[in-house]
Amino acid sequence: MDNPQIARIFEEIADILEIKGENPFRVRSYRNAALVVQGFAVSLKSIVEGGEEELEKIPGIGTSIREKVVEILATGKCKFHDGLLKELPPGLLELLRISGVGPKKVALLYDKVGIKSVDELEKAAQAHKLCGLPGMGEKSEQKILKAVQEAKRVSGRFGLSTVRTVAEDYKSHIKKLKGVIDVEPSGSLRRWKESIGDLDILVTCKKGVPVMDHFVSYPEVSEVVAKGDTKSTVILTNGLQVDLRVLDKKSFGSALQYFTGSKAHNIAVRDRAKRMGLKISEYGVFREKTGKWMAGRTEQDVYGAVGLEWVPPELRENRGEIEAAEASKLPGLIELKHIKGDLHVHTKESDGANTLEEMAEAAMAMGYEYIAVTEHSKGLAIARGLEEKRLLKHIETIDRFNERLKKKGVKFRVLKGTEVDIRSDGTLDYKSSLLERLDCVVGAVHSGFDMPGKDMTRRILKAISTAKLHILAHPTGRLIGTREPYAVDMEKVINAAKKYGVFLELNAYPERLDLNDIHCKLAKDTGVLVAISTDAHNTLHLKNIVYGVHTARRGWLGKKDVLNAGGLKEVLKLLKKG
DNA sequence: GCCGTTTTCGGCCCGACTGTTTTCAGTCG
């Protein structure tokens with residue numbers, strides 16, 4: 001049982017207790033515990049091995065949840081959870097996914113109409129069995145029907161890059177309206193979360209500007225869910241929900257803070273405010289007793305009012321950033337301008353779209369000092385992987401290219417590399433003597449993704465232990481929203497990387513972002529450098545580096561934690577194998 | 001169920017919008 005699996009159990013317990021109408025604070029405890037466990041870098045399993053009582057040092061975990069964690073780790077099950085599941089039909093929890101249907105409605109629908117699944121809900125709404133229920137009329141019924149169909153059409157979350165594009169476009173639409181002063185996307189987009197549930201946009205404008213009318217007139221809007229004076233919600237044709245909030249300049253900072261989230265971060269900040277006799281809302285920081293306005297113009301003011309340093313949005317997940325902000329110990333985070341090169345790049349020689357010259361020029365235009373050209377190895381025939389002979393020839397081509405640059409006095413270098421396949425048995429797809437001739441050996445798994453965790457871990461550990469790898473590429477193999485990470489034990493991988501002097505890649509491709517934020521933090525804490533690489537297959541892909549940098553920031557990485565924040569000299573030194 | 005700069009008991013973040021109500025509950029973020 002890994003942390004996400006344990007978190008899911010607590011999430012389900014919270015859902016069921018809520019439907020049962022249990023004490024909402026008890027529900028919140030389970031929900032909070034799920035969040036904490038989900039975001040915890042070290043596996044609870046290894047914590048418990050160091051003593052059960054260590055669990056209770058984690059904020060949000062008390063006696064009861066500690067016991068359940070121990071039980072789950074020992075037996076793979078939780079009796080309390082199993083008991084609750086037996087009380088309700090299995091499809092009932094799915095109903096909570098329907099927008100506008102919460103725990104109270106689920107209970108009502110089940111008790112009065114016997115609805116046990118989303119399908120039954122849809123049929124009941126179509127047969128007009130819902131209107132007439134307490135608190136529900138014609139409109140509620142239509143709303144639910146629409147929400148069910150919407151839920152069937154789009155599934156869950158959107159990719160970071162998709163939402164970023166929409167946000168830019170929506171922003172320019174809103175800015176066209178006269179009298180609009182500021183437009184600022186916030187929410188999980190501003191935190192650079194790897195996937196986005198909905199888009200939140202904040203607007204300040206002059207009085208009397210019809211900003212809501214203009215907001216809902218965006219051509220991509222397919223449905224207006226809510227439209228008030230200060231807040232509106234629409235659904236776009238692609239299924240993305242967009243919320244707009246209009247505010248005064250005076251409360252822009254507090255609103256930005258509030259709508260940036262995360263929820264867990266905000267609850268913790270507000271809780272802190274409360275203990276200080278203050279109250280924080282999206283309108284500002286107020287004295288609780290007198291209601292006197294204290295701050296709100298900027299985020300700095302808001303955090304300052306509760307004795308905290310300003311927290312970069314990427315860190316706002318309640319994973320220790322508040323304690324760090326209090327103690328002035330927030331990490332200095334990596335920035336785009338720190339990146340000096342890209343250590344995972346393809347060209348036409350294997351499955352890239354651009355030539356060596358084109359890739360190098362694009363990298364130079366970005367101000368880089370180097371790239372490593374890392375073509376696929378022979379085993380990956382589908383990607384035109386290079387046979388030994390072709391690789392040797394490619395090495396010569398790169399040597400000649402570098403000589404030409406040198407003659408011209410250009411301070412840029414192409415490193416000779418490979419993305420060598422890690423075979424099923426953990427051996428590498430080129431022999432050691434060939435790998436030793438390269439500047440940068442990137443190793444990657446490209447097959448057998450559904451191997452049992454034990455085998456996959458053994459496979460990757462074996463590859464690392466050859467001591468021929470410089471960098472382990474996309475270490476978990478996930479494709480966000482499409483393919484789960486393979487069942488590899490990342491704690492073991494990170495520890496082995498430390499032992500054998502291997503660096504870990506943070507693949508910046510927005511569908512990968514692999515390592516994820518949590519593993520980045522673990523790598524940092526273990527003392528393993530991370531290489532932020534784009535795996536570019538054309539010149540445009542090089543720009544994806546921004547996604548990698550922000551994911552690294554979410555993982556608390558600073559300049560000195562990132563391999564390619566070093567200049568050419570530094571990187572060559574680090575890539576030298578003893 | 002968790003937690004403690006007032007607490008080991010009694011609190012627990014805060015506000016907008018909607019629909020079905022005549023003052024509010026439910027949902028959402």
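Here is the naming used below: chain letters follow the sequence lines, and residue numbers restart at 1 for every chain.
- Within 3.5 Å, no donor on the side chain of Tyr283(A) pairs with an acceptor on the base of dG15(B), nor the reverse.
- Comparing dC13(B), dG1(B), dG19(B) by their nearest atom to the side chain of Lys143(A) picks out dG19(B).
- Regarding contacts with the backbone of dG1(B), a side-chain N or O of Arg26(A) is found under 4.0 angstrom from either OP1 or OP2.
- Among the protein residues, Val269(A) comes within range of no part of the nucleic acid, since none of its heavy atoms lies under 4.0 Å from any strand.
- Atom CZ of Phe25(A) and atom C1' of dC2(B) are 12 Å apart (whole Å).
- The closest side-chain donor-acceptor pair between Lys68(A) and Ser64(A) falls under 3.5 angstrom.
- Nucleic acid contact class of Gly60(A) (heavy atoms, under 4.0 Å, all strands): sugar-phosphate only.
- Looking only at atom types and distance, the side chain of Ser43(A) has a donor-acceptor partner in the side chain of Ser46(A) under 3.5 Å away.
- Of the side-chain N and O atoms in Lys139(A), none sit less than 4.0 angstrom from OP1 or OP2 of dT18(B).
- Aromatic ring centres of Tyr547(A) and Tyr509(A): separated by at least 6.0 Å.
- Between Arg275(A) and dC3(B) there is no side-chain N or O to OP1 or OP2 distance below 4.0 Å.
- A donor N or O paired with an acceptor N or O is found under 3.5 Å between the base of dG1(B) and the side-chain atoms of Asn23(A).
- Per the geometry, NZ belonging to Lys263(A) stands 17 Å off P belonging to dC12(B), to the nearest Å.
- Spacing between dC28(B) and dT20(B) at atom P, rounded to whole Å, works out to 16 Å.
- Within the nucleic acid shown, Met136(A) comes within 4.0 Å of sugar-phosphate atoms alone, with no base atom in reach, counting heavy atoms only.
- Here Thr63(A) lies in heavy-atom contact (under 4.0 Å) with sugar-phosphate atoms only.
- Rounded to whole Å, the C1' atom of dG1(B) lies 15 Å from the corresponding atom of dT8(B).
- A straight line from CG of Leu133(A) to C1' of dT21(B) spans 16 Å, rounded to a whole angstrom.
- Out of dG1(B), dC13(B), dC14(B), the shortest distance to the side chain of Lys68(A) is found at dG1(B).
- If Ile280(A) and Phe259(A) are placed on DNA chain B by their nearest nucleotide, the residue sitting closer to the 5' end is Ile280(A).
- Nearest to the side-chain atoms of Ser64(A) among the listed nucleotides dG29(B), dC2(B), dG19(B) stands dC2(B).
- Lys274(A) has its NZ atom 14 Å from the P atom of dT6(B), to the nearest Å.
- Contact between the side-chain N/O atoms of Tyr30(A) and the OP1/OP2 oxygens of dC2(B) is not found at any separation under 4.0 Å.
- Heavy atoms of Pro103(A) sit under 4.0 angstrom from primed sugar atoms or phosphate atoms, though from no base atom.
- In this structure, the NZ atom of Lys146(A) is 11 Å from the P atom of dG19(B), given to the nearest Å.
- For Ala226(A), taking side-chain heavy atoms from C-beta onward, the closest of the listed nucleotides dG29(B), dG1(B), dT18(B) is dT18(B).
- Between the side chains of Ser186(A) and Asp200(A), no donor-acceptor pair is found at a separation under 3.5 Å.
- Contacts of Leu244(A) with the nucleic acid, taken as non-hydrogen atoms under 4.0 Å apart, are absent.
- When the nucleotides dC14(B), dT18(B), dG1(B) are ranked by their closest atom to the side chain of Arg270(A), dC14(B) comes out on top.
- Glu138(A) comes within contact range of the sugar-phosphate backbone alone, with a heavy-atom separation under 4.0 Å but no base atom that close.
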Derivation of the ring-ring contact (aromatic ring centres under 6.0 Å, His included) call for Tyr258(A) and Tyr283(A): CA-CA 9 Å; Tyr258(A) 171 59; Tyr283(A) 298 109; 9.2 Å; no

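- A salt bridge is absent between Lys193(A) and Glu314(A): the closest approach of a Lys/Arg side-chain nitrogen to an acidic carboxylate oxygen does not fall below 4.0 angstrom.
- Only the P atoms considered, dT23(B) is 27 Å distant from dC14(B), to the nearest whole Å.
- Contact annotation: Gln241(A) side-chain N/O to dC28(B) OP1/OP2 distance is not under 4.0 Å.
- Taking the side chain of Lys231(A) as heavy atoms from C-beta on, and the options dC2(B), dA16(B), dC13(B), the nearest nucleotide is dA16(B).
- Counting to the nearest Å, the C1' atom of dT18(B) and the CD atom of Glu223(A) are 13 Å from each other.
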With side-chain hydrogen bond (donor to acceptor under 3.5 Å, both in side chains) as the criterion, how do Arg316(A) and Ser262(A) come out once you've worked through the C-alpha distance, each side chain's angles and the decisive distance to 0.1 Å? CA-CA 6 Å; Arg316(A) 300 181 193 172; Ser262(A) 66; over 6 Å; no

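- Distance Glu150(A) CD to dT27(B) C1': 17 Å, rounded to the nearest Å.
- Using a 4.0 Å cut-off, no side-chain N or O of Ser281(A) falls inside it from OP1 or OP2 of dC14(B).
- Considering only the side chain of Ser140(A), dT20(B) comes nearest among dG29(B), dT20(B), dG1(B).
- One atom, CD1 of Ile267(A), and another, C1' of dC3(B), lie 15 Å apart when rounded to the nearest Å.
- Considering only side-chain atoms of Pro59(A), the nucleotide from dC12(B), dG29(B), dC3(B) that sits closest is dC3(B).
- Inspection of the Glu282(A) and Ser254(A) side chains reveals no N or O donor paired with an N or O acceptor under 3.5 Å.
- For the OP1/OP2 pair of dC17(B) and a distance below 4.0 Å, the side-chain nitrogens and oxygens of Thr233(A) include no atom meeting the criterion.
- Remark: dT8(B) base-pairs with no nucleotide in the shown strands. Criterion, Watson-Crick or G-U wobble with two distances under 3.5 Å.
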